[in-house]
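Below is one structure, written out as structure tokens; comments come after it.
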Amino acid sequence: MIKNMVRLPTIVALLAVAPLTSACSSLSGTQRGAVIGAGAGGAVGAAIGRATGSTAKGAIIGAAIGGTAGAVIGNQMDKQKGELEDDLDNAQVERVGEGLLITFDSGLLFDYDSDAIKGASRANLTDLAASLRKYPGTEVLIVGHTDAQGSDEYNYGLSQRRAASAKSFLVSQGVPSNRIRTEGRGETEPVSASDAQNRRVEVAIFADEATRSALQRQYGN
């Protein structure tokens, strides 16, 4: 029961950022990055991630810096998003704050109950690796998810192994290992009543600390 509770600070954080996200609905992706970052960086972004049940989105919003620097990051993310949408098959690419969230159906990447990358999915991950090499100033968080079939412990372990397998493949394609973190969330962050949709791998891409700091120094944020 405890893991499903939303603590008071989290509620306060969500109330604080709600006017921002509502106001952002009519803005471009670049403009949204600047506005959301200004009001939802750091701990607030992490709280939003926990409250909405998305570790990946929380990481992206938590890294937002806002202002002109955030808008510059957002502009790059818009460009990268367009390229990834052209390159990746059967993957959802969306802008979140100043970052990107890519969602792969785990059935596309893995066979049932397996953490071995399927041969047919290697082209997708190869294209993702090429994009990450092209845009080196970013950090990557890979989050594995499962459905609710089986025990919590087993599902958690499987989701961890799948995230680690995706990382290993990207590293084999030339992406530095220190740019990528992995997490397994098992069945704890469902997005649907459908088991098929809950079995997924999410890839969060956001500006790394060095890039954020350099842009803040440049633009005075």
Side-chain angles (χ1 to χ4, degrees), residues 3 46 49-50 53-60 62-63 77 80-81 83-94 96 99-192 194-209:
K3 68 180 181 181
R50 289 193 298 271
S54 176
T55 297
K57 288 183 178 180
I60 295 171
M77 291 297 175
Q80 188 174 10
K81 176 178 181 289
E83 294 172 0
L84 286 170
E85 286 175 329
D86 290 338
D87 293 339
L88 301 182
D89 294 325
N90 300 312
Q92 178 182 350
V93 185
E94 59 182 305
V96 175
L100 298 178
L101 178 62
I102 304 169
T103 304
F104 294 101
D105 179 342
S106 69
L108 179 69
L109 300 181
F110 306 99
D111 286 324
Y112 179 74
D113 200 27
S114 171
D115 58 22
I117 302 291
K118 292 171 65 172
S121 67
R122 291 173 179 264
N124 261 344
L125 292 181
T126 298
D127 287 338
L128 175 57
S131 178
L132 294 174
R133 294 195 307 270
K134 180 177 179 180
Y135 297 96
T138 58
E139 182 178 345
V140 180
L141 173 64
I142 303 175
V143 185
H145 302 273
T146 69
D147 57 33
Q149 299 182 34
S151 70
D152 292 353
E153 181 179 4
Y154 181 82
N155 288 336
Y156 179 69
L158 178 61
S159 66
Q160 284 185 311
R161 294 193 300 274
R162 285 179 166 176
S165 290
K167 173 180 177 176
S168 294
F169 187 89
L170 294 176
V171 170
S172 76
Q173 297 298 306
V175 182
S177 178
N178 61 4
R179 285 182 62 189
I180 308 173
R181 294 185 293 116
T182 64
E183 288 195 32
R185 302 303 298 153
E187 61 191 70
T188 63
E189 294 181 358
V191 293
S192 169
S194 165
D195 284 342
Q197 291 184 15
N198 291 330
R199 294 190 293 265
R200 67 198 190 281
V201 174
E202 295 177 321
V203 179
I205 303 173
F206 46 94
D208 61 26
E209 184 175 356

- Minimal non-hydrogen separation, A59 against L141, with atom names: CB-CD2, 3.7 Å
- So OG of S121 and CG of L108: to nearest 0.5 Å the spacing works out to 6.0 Å
- Student check: side-chain heavy atoms of I205 and L128 closer than 4.5 Å: yes
- Message: Could you go through S192 and N198, starting from their C-alpha distance and side-chain angles, then the distance that decides it, and tell me whether this counts as side chain to side chain contact (heavy atoms under 4.5 Å, CB included)?
- Response: CA-CA 6 Å; S192 169; N198 291 330; 4.2 Å; yes
- Between Q80 and E85, is any pair of side-chain heavy atoms under 4.5 Å apart? no
- Just jot down the side-chain hydrogen bond (donor to acceptor under 3.5 Å, both in side chains) partners of R179, sequence neighbours excluded, or say none. T138
- Task: First locate atom CG of L101, then atom CD1 of I60, and finally report the distance between them rounded to the nearest 0.5 Å.
- Result: 5.0 Å
- Among all residues two or more places apart in sequence or in another chain, which pass the side chain to side chain contact (heavy atoms under 4.5 Å, CB included) test with Q173? T126, A129, R133, F169
- Closest heavy-atom pair and its distance - S159, G186: OG-N, 2.9 Å
- Pair E94-L100, side chain to side chain contact (heavy atoms under 4.5 Å, CB included): steps then yes or no: CA-CA 6 Å; E94 59 182 305; L100 298 178; over 6 Å; no
- Message: Under a plain distance cut-off of 3.5 Å, with no hydrogens placed, do Q92 and T103 share a side-chain donor-acceptor pair?
- Response: no
- Mind checking the CG-CD spacing from L88 to E83? Nearest 0.5 Å is all I need. 11.0 Å
- Contacts of type side-chain hydrogen bond (donor to acceptor under 3.5 Å, both in side chains), residue D127, not counting sequence neighbours: none
- Closest heavy-atom pair, L132 versus V140, reported as atoms and distance to 0.1 Å, is CD2-CG2, 3.7 Å
- Quick one: side-chain hydrogen bond (donor to acceptor under 3.5 Å, both in side chains) partners of E183, sequence neighbours excluded? none
- Any side-chain donor paired with an acceptor under 3.5 Å for E189 and T55? yes
- Kindly give the heavy-atom pair with the smallest separation between I142 and A163, and that separation in Å. O-CB, 3.8 Å
- Query: K118 versus L109: any side-chain heavy-atom pair under 4.5 Å?
  - Reply: no
- Note on the structure: To the nearest 0.5 Å, atom CG of D147 lies from atom CG of N155 at 6.0 Å
- Query: Residues in side chain to side chain contact (heavy atoms under 4.5 Å, CB included) with D115, at least two apart?
  - Reply: R161, R162, S165
- Query: Which atom names give the shortest non-hydrogen contact between D208 and P136, and what distance separates them?
  - Reply: OD2-O, 4.0 Å
- Message: Exactly one of D105, T146, V191 should register a side chain to side chain contact (heavy atoms under 4.5 Å, CB included) with R200. Which one does?
- Response: V191
- Query: Sub-3.5 Å donor-acceptor pair from the side chain of S114 to the main-chain atoms of F110, do we have one?
  - Reply: no
- Pairwise side-chain contact, V171 with I180, heavy-atom cut-off 4.5 Å (strictly under): yes
- side chain to side chain contact (heavy atoms under 4.5 Å, CB included) with Q160: which residues, sequence neighbours excluded? Y156
- Message: Can you tell me how far apart OG1 (T182) and NZ (K167) are? Round to the nearest 0.5 Å.
- Response: 6.0 Å
- Lys/Arg-Asp/Glu bridge criterion (N-O < 4.0 Å) met for R185, E202: no
- Check whether the side chains of Q149 and Y154 place a donor and an acceptor atom closer than 3.5 Å, and report yes or no. no
- Task: Quick one: closest heavy-atom pair of F206 and A63, and the distance?
- Result: CD1-CB, 3.6 Å
- Query: Can you find a heavy atom in the side chain of F104 that is under 4.5 Å from one in the side chain of N90?
  - Reply: no
- Query: Out of curiosity, R181 CZ to E139 CD, how far, rounded to the nearest 0.5 Å?
  - Reply: 4.5 Å
